[in-house]
Protein chains: 4
Amino acid sequence: MLTCRLAKTQSTNMQSLAKQIATTAVDPARRRDRAAREQALILAATKLFASHGYEATTTREIGARAGCSEGLIHRYFKGKEGLLLAVMSSHISRRVLELREHLPFSASLEEEIRQLMSWEVDRMWEDRDFLRLTVQRAMLDPKIARFARLEGPTRLAKAIAERLRHHRNHHVLDDEDIETASNAISALCFVFGFMRPAVLGYHRKESKRVAVNVAKIIARGLQLT
Amino acid sequence: MLTCRLAKTQSTNMQSLAKQIATTAVDPARRRDRAAREQALILAATKLFASHGYEATTTREIGARAGCSEGLIHRYFKGKEGLLLAVMSSHISRRVLELREHLPFSASLEEEIRQLMSWEVDRMWEDRDFLRLTVQRAMLDPKIARFARLEGPTRLAKAIAERLRHHRNHHVLDDEDIETASNAISALCFVFGFMRPAVLGYHRKESKRVAVNVAKIIARGLQLT
Amino acid sequence: MLTCRLAKTQSTNMQSLAKQIATTAVDPARRRDRAAREQALILAATKLFASHGYEATTTREIGARAGCSEGLIHRYFKGKEGLLLAVMSSHISRRVLELREHLPFSASLEEEIRQLMSWEVDRMWEDRDFLRLTVQRAMLDPKIARFARLEGPTRLAKAIAERLRHHRNHHVLDDEDIETASNAISALCFVFGFMRPAVLGYHRKESKRVAVNVAKIIARGLQLT
Amino acid sequence: MLTCRLAKTQSTNMQSLAKQIATTAVDPARRRDRAAREQALILAATKLFASHGYEATTTREIGARAGCSEGLIHRYFKGKEGLLLAVMSSHISRRVLELREHLPFSASLEEEIRQLMSWEVDRMWEDRDFLRLTVQRAMLDPKIARFARLEGPTRLAKAIAERLRHHRNHHVLDDEDIETASNAISALCFVFGFMRPAVLGYHRKESKRVAVNVAKIIARGLQLT
DNA sequence: GATGAATGAGCCTTCATTCAT
DNA sequence: AATGAATGAAGGCTCATTCAT
């Protein structure tokens, strides 16, 4: 027996149905794959929370977009808020990859800063869905704010500072300069990599171009003491 | 003052507004009452929207905080969304005051940039309620995003550029440097004046100190060509 | 304009509508009469809780039966449970009328007991909706159980004892006999006036006949010491 | 033992049962497992239905308390309601043991009645879980009400009457007196053995003491004609 | 005009039941 | 045969909005 489920955007249902019958004759919607389903829900929630906001997103929408039942959200994550937490945790755990592992050191300080900003601006853009969500929630929930502060700017600034320190030999860089520059770079990447292109609708290429130019100014400013 | 209301289903605002002014010849006491109540509602909404988010704020809360009836929101602003628009319009109209009117030119470029950043960081903090609301809505509504882009970074960067150009005589500043620096300063003020202290919970004084230090680096970077 | 509401069991809507237009042209469902509406909700809830049980009764049903919106239950009574409490309180306050005010003393002890049981059995029947609800809830909630104990058997037994004491002159009735008889009468009225006819479906007349016969036996049992 | 299941849409139970027994020749160990699990489910359900009510009890709770899977309820009993019926049937079949088998006749009428009430009050207390459930359901379902009436008061009153008739030799007891007294005793045992201690929270000992005192009054009332 | 009582659409959540494993 | 993952139909409740007063 085959319980036929009617998807709203059913285009080539016939084909998939045929295939289904041929291979397993099992309703794929009911196949058990908890891990995959959890992931689908987290992904759907990330997108929807980011674009409509947390409050305006309904659990029905999330279920629909993830291609599974609404009730699963409550079974797996203990409700909508639990899903939000899962979304955030999930992202963090995937972001353990650090600057140091993905970016070779540059010969010159100027090239180093340019490279850092270029890479980080792209990374911000990639993370735009998650950043949108984080910024939104951080505005409403001090808990999230604290988490965002530590996971975001603070962590990034430290990583940047670490790299800048490698160029101390050739330049006179005191600790304060390094700290200041690191925080500035972190802030600029956030604005030119995320806020401007992903929130305010600036042209992405243009935004990045400005960022790279700023890198030059900062590099020059640091070299001159 | 003119609180411009932007309803979606509204074509010629000018006409209806003119008509309104022409015909409504109610006694001035009443008008004052109404104006006061509108202002109270707008103020209450600004605070609540900023702290709880737009969706999570109920019209009843707004009415209660403004000390008047819930129904008035619909009579005056045609619903919750209308009130949101009024909130944004109201703020803009009060922010016509420009940099040039409040800030004397400085003798040196370094002092100029330091002064600009210091002043603008404070201004961002003052406007934090409005900025929070704007950022939130800009993330969800492209219309608001466009408005925020033009009213915010673009406008600010132009104002900053104008001031930097005054120092061309003493320094070799090409147009691109000026544009880059202006945008960088604008971005840094947003982060160190608003995002960090008002959203992420950084200590305000500390945040501003970093900003002022960055000013120095940028000034040096510009002077060296 | 006339917002026509479609009742499910609309029989003679035409008539009522015509009448409406003729007299006030005001949707009667929206007329403001909070007291009446609260009463209607309490009444509807009493009936439905009694017949379907508390859990199985939906707030929607209650609203429909009371002829008003579901949301009112939450506005007036702070939810379904609040309505339950209101139902119980409401009944108590109407039951201040005591035995003494409605029943003249009888000449003989036998007649007194017969009269007491007859009257109380009828009263139990009248209160059957409320009793059903009380018994149901008392089984699940110790708070309600305590309330039911004090408001029910304990109070009733005291009132009965008071009346029996009036016949001490003619009979040798010690305190224990009076207490025992009072409690027995109270218990028998509960069973023959409520449990048997209203819960178990015994024929009501027959049930009462047995009760009255028991009265005789008890009266004889008391007279003989 | 045969747990008779009363499904609404079920015609010839006997046939299907017979067939079941005939065909299912599974190994005895398995059968024992199943029987044990059924019993565990019935026991768990009795407790939970009695304490939380039928509606408020979830099948998951029952499964958990019985130490087996939720789905078994549907496999064994065809759903939650089927389990309820099984619970009731199961109890009845264990209650075939009658007064006569457990209680010797007394010499005097007074002693007989005292003994009857004492025994039956204790029995009601033992059965409190089942009685709670029965009373609850009888209030909502006429079918259960009918069943409860016949299995409960009617059956009990008959058994009591039978015993009282043994004392006719020494006392003038007409049929009506016997019927009246039997029903009264049955009712009093229900109240003093179950309703008061198990539902309303009266102290159990005290409740029984009153019952025994009532026995005396009734006995005296019967002896005097 | 101002008020707040009333509405009803829709949200999050629960749970009996089904069914792939 | 047993499990528990998955479903979907409600249920209680909230809230923007309407409208009698």
*Can you run through DNA chain E from 5' to 3' and write each base as (, ), [, ], | or . depending on how it pairs? Watson-Crick or G-U wobble, both distances under 3.5 Å.*
.||||||||||||||||||||

*Minimum-distance pair of heavy atoms, taken over all atoms of D:Leu41 and D:Gly63*: CD2-CA, 4.4 Å

Side-chain donor/acceptor of [X] to backbone N/O of [Y], under 3.5 Å:
X       : Y       : value
A:Glu38 : A:Ala35 : no
D:Tyr76 : D:Arg37 : no
C:Thr57 : C:Leu48 : yes
A:Tyr54 : A:Leu84 : no

What nucleic acid atoms does [X] come within less than 4.0 Å of, heavy atoms only: base, sugar-phosphate, or nothing?
X       : value
C:Ser69 : base
B:Thr59 : base
A:Gly79 : sugar-phosphate

Using whole Å, what does the distance between atom [atom2] of nucleotide [N] and atom [atom1] of [X] come to?
X       : N      : atom1 : atom2 : result
A:Arg60 : F:dG11 : CZ    : P     : 14 Å
A:Arg75 : E:dT17 : CZ    : P     : 16 Å
A:Tyr54 : E:dC11 : OH    : P     : 14 Å
C:Ile73 : F:dG11 : CD1   : P     : 13 Å

*Please determine, for the side chain of C:Thr58, which listed nucleotide (F:dG11, E:dA16, E:dT3) has the closest atom?*
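Of all the options, the side chain of C:Thr58 is nearest to F:dG11.
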
*Out of E:dT17, F:dT7, E:dT7, which has the shortest distance to the side chain of D:Lys80?*
E:dT17

Would you say [N] has OP1 or OP2 under 4.0 Å from some side-chain N or O of [X]?
X       : N      : answer
C:His74 : F:dT14 : no
D:Tyr76 : F:dA1  : no
B:Arg37 : E:dA2  : yes

_hbond_proxy C:Glu70 side chain to F:dC13 base (donor-acceptor, 3.5 Å cutoff)_ =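 For C:Glu70, whose side chain was compared with the base of F:dC13, there is a donor-acceptor pair (under 3.5 Å).
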
